[in-house]
Amino acid sequence: MRKQRRGTPHAAAKRMAGSLAALAALATLTGTPALAQDKSMDEIAKYREMLADGNPAELIEMRGEELWKTPRGPKNVSLEQCDLGLGPGKVEGAYAQLPRYFADAGKVMDVEARLVYCMQTQQGFSFAEATKNWYSKPGKESDLVALVTWVGAQSNGQKINVPVKHPKEAEMVKMGEYIFHRRSGPQDFGCSVCHGQDGVRIRLQDLDNLSQSKGAQKAMRTWPAYRVSQGTVWTMQRRLIDCMRQARWPEQKFPSDAVIALEMYLQNKAAGGVLESPGIKR
Amino acid sequence: MHHHTLRLLAAAVALTVSSALPLAAQAADKAPATSAKPAKADAVLAAKAEKLYLDSFDPDQPRTHLDRLKQDEAMALCSQYKDNPPPAVRAKIEKAQLETIRFPVEGRLVGDWKKGEELASSGRGGHIGKIQPDAKGTPRGGNCYACHQLATKEVAYGTIGPSLHNFGKVRGYGEDIARYAYMKVYNAQAFSACTNMPRFGYHAWLTPEQIADIVAFLMDPESPVNKD
């Protein structure tokens, strides 16, 4: 859908101006700690509607497209020959089928791991350079996140359909399930504590049951996402690494194989969910 | 304090022992009726997943941070049974957890409800890592509102746990209830193995005195939990 109404960059920027004003207002609202829950839910629904016509992530998406096509790195080549799983240069629908096993690398990779791989092997960046600025903060936008946002958007409208043909893919699903239920840390958390039941919330945030298809679809189909409270786009690596921070666990490497295993498990549960990417979230 | 040091030492010993033979022991524990698959395959996968998980953490951080990933026996069993252990395992966990509970030196189980209210509201403390850690010395909160309704004036409460509004009023203001509340917050798994509720005293996340303050928040007739 988004693809059809995507006009010139200028038109998109104009649409964005309105949504950014709306977002500023929402940020003020959600900043109030004891805000009545119903009111806050209403407001978020309202802003979602206003934003339906102009997600600020679209600007980042456009930058990602630019980055994909521009020759960069020591070898001065673009990423246009990068194979995201459907063949070199084929981006449409690729995100809907990630993570997956890549024979050339001999491992299961998600969109970020794969982009980093292409930046290294094709553009000649070092691993450190390719991963240095892996997440965005307002005022410090990440190239990698922009690329992920653009790649994600090229699967907009497609069904999540992650392959489990290769034994390593099947194994990653199971390892993700193991990690999902693993409890540790000074608060005894596991992913399942917060995401293993239907219809609960933590403070005011509704939590879906990610161990069931319905909840997993609802969550996974709208990533990567513009996060209103963060003022920028978050990828799934960023999302899960932050959940681990909330769980009071130590910090992961980037890109994290444990996150890839969890993504594999969750994408698998979410199979059939139609992507609406980039999404927009609290 | 002394008790604590001893308990931590005991836990450390238990960890060393259990990590020497965790998978064999877990496989032996597994009820044969629950799965047609050989337990051995599960154990191999679990060992692999465990390694993948631990190897995914940034090694460039203090040892104490990475130690947070170690599992005690309750954590390992709860993970293995996806928080739904068979009755015998459940009973075993609850018995062991009950034995970890320590009481305040002064013996007062009901402290100051105002301090308890603050602790129940705060979700701060204990976040680590380079991206968004808590400032050094940030006091740790109990974060009870993340999962429970308590005083009605706080509307931003979660629902992972049951409502505790009117806890004292409904349960009674007696010593036995205060003692139960204290023990529950100290080590929730003493009463329900593999519950989603953290073990605040066991992990020394909160001190016995802080837990007594939280008990007052639940139990004092003047506390907004019971008054409003």
Side-chain angles (χ1 to χ4, degrees), chain A residues 32-40 108 134-135 137 171-172 174-190 192-197 199-207 211 238 241-242 244-262, chain B residues 45-46 48-50 52-62 65-72 74-76 78-83 123 125-133 140 143 145-147 153-161 188-189 194-200 202-205:
Chain A
T32 318
L35 186 73
Q37 146 212 5
D38 294 343
K39 197 171 159 209
S40 135
V108 175
W134 67 269
Y135 64 91
K137 291 194 263 201
E171 187 182 69
M172 276 302 248
K174 286 202 175 149
M175 292 203 277
E177 180 173 16
Y178 173 92
I179 296 168
F180 190 83
H181 290 280
R182 187 187 191 276
R183 300 197 53 179
S184 66
Q187 298 263 279
D188 294 307
F189 283 134
S192 53
V193 167
C194 297
H195 300 290
Q197 300 153 81
V200 297
R201 56 171 213 252
I202 193 160
R203 286 283 182 163
L204 291 180
Q205 279 98 261
D206 286 313
L207 301 168
S211 70
R238 179 77 182 98
I241 287 174
D242 193 63
M244 293 187 183
R245 185 188 66 88
Q246 287 184 48
R248 269 75 172 189
W249 297 324
E251 205 155 281
Q252 297 259 299
K253 295 176 195 163
F254 175 85
S256 150
D257 285 332
V259 167
I260 295 173
L262 285 163
Chain B
L45 182 94
K48 223 173 156 183
E50 184 72 14
L52 176 108
Y53 183 61
L54 296 178
D55 287 350
S56 297
F57 287 89
D58 182 357
D60 178 26
Q61 53 189 317
H65 290 188
L66 294 166
D67 282 348
R68 291 188 179 192
L69 299 166
K70 286 187 181 158
Q71 294 182 305
D72 66 6
M75 288 164 169
C78 294
S79 307
Q80 185 193 341
Y81 291 106
K82 298 198 172 127
D83 294 331
H127 298 94
I128 54 177
K130 292 169 189 143
I131 300 176
Q132 210 186 328
R140 292 189 293 260
N143 206 15
Y145 280 110
C147 300
K153 69 178 174 217
E154 176 55 273
V155 295
Y157 63 87
T159 59
I160 292 177
Q189 297 205 34
C194 307
T195 174
N196 284 337
M197 177 158 156
R199 295 171 290 172
F200 293 99
Y202 170 80
H203 286 294
W205 184 268

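Lettering follows sequence order; numbering is per chain, from 1.
No other option in A/Q252, A/R203, A/K253 has as many heavy-atom pairs under 4.5 Å with chain B as A/R203. Of the listed residues B/E50, B/K48, B/M197, the one with more heavy-atom pairs under 4.5 angstrom with chain A than any other is B/E50. Of the residues considered (B/P62, B/G125, B/A188, B/C147), B/G125 shows the highest number of contacts with chain A, using heavy-atom pairs under 4.5 Å. Considering only heavy-atom pairs separated by less than 4.5 Å from chain A, the leading option among B/D55, B/L66, B/L52 is B/L52. When B/K130, B/H65, B/Q132 are compared by the number of non-hydrogen pairs under 4.5 Å with chain A, B/Q132 comes out ahead. Between chain A and the residues B/Y145, B/F200, B/W205, the most heavy-atom pairs under 4.5 angstrom are made by B/W205. Chain B forms more heavy-atom pairs under 4.5 Å with one residue of A/P186, A/S256, A/G185, A/S184 than with any other, namely A/P186. Looking only at heavy-atom pairs under 4.5 Å with chain B, the residue among A/L262, A/V200, A/I260 that has the most is A/V200.
Side-chain atoms of A/R183 never come within 3.5 Å of backbone atoms of B/D83 as a donor-acceptor pair (strictly under, hydrogens ignored). In terms of modelled atom types and a separation under 3.5 Å, the side chain of A/D188 and the main chain of B/R199 share a donor-acceptor contact. The closest donor-acceptor contact from the side chain of A/R248 to the backbone of A/F189 lies at 3.5 Å or more, if one exists at all. Remark: side-chain polar atoms of A/E251 are paired, donor with acceptor, to backbone N or O of B/I131 under 3.5 angstrom.
With values rounded to the nearest 0.5 angstrom, A/S211 atom OG is found 9.0 Å from B/K82 atom NZ. Atom CG of A/D242 and atom OH of A/Y135 lie 10.5 Å apart (nearest 0.5 Å).
Across every non-hydrogen atom of B/L69 and A/R182, the tightest pair is O-NH2, 2.9 Å.
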- Please walk me through it: do A/Q246 and A/C194 pass side chain to side chain contact (heavy atoms under 4.5 Å, CB included)? CA-CA 11 Å; A/Q246 287 184 48; A/C194 297; over 6 Å; no
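Heavy-atom distances place no part of B/D60 under 4.5 Å from chain A, backbone and side chain included. Contacts of A/I179 with chain B are made by side-chain atoms alone, with heavy-atom separations under 4.5 Å and no backbone atom involved. No part of A/F180 comes within reach of chain B, as not one of its non-hydrogen atoms sits under 4.5 angstrom from that chain. A/Q187 touches chain B through backbone and side chain together, each having a heavy atom under 4.5 Å away.
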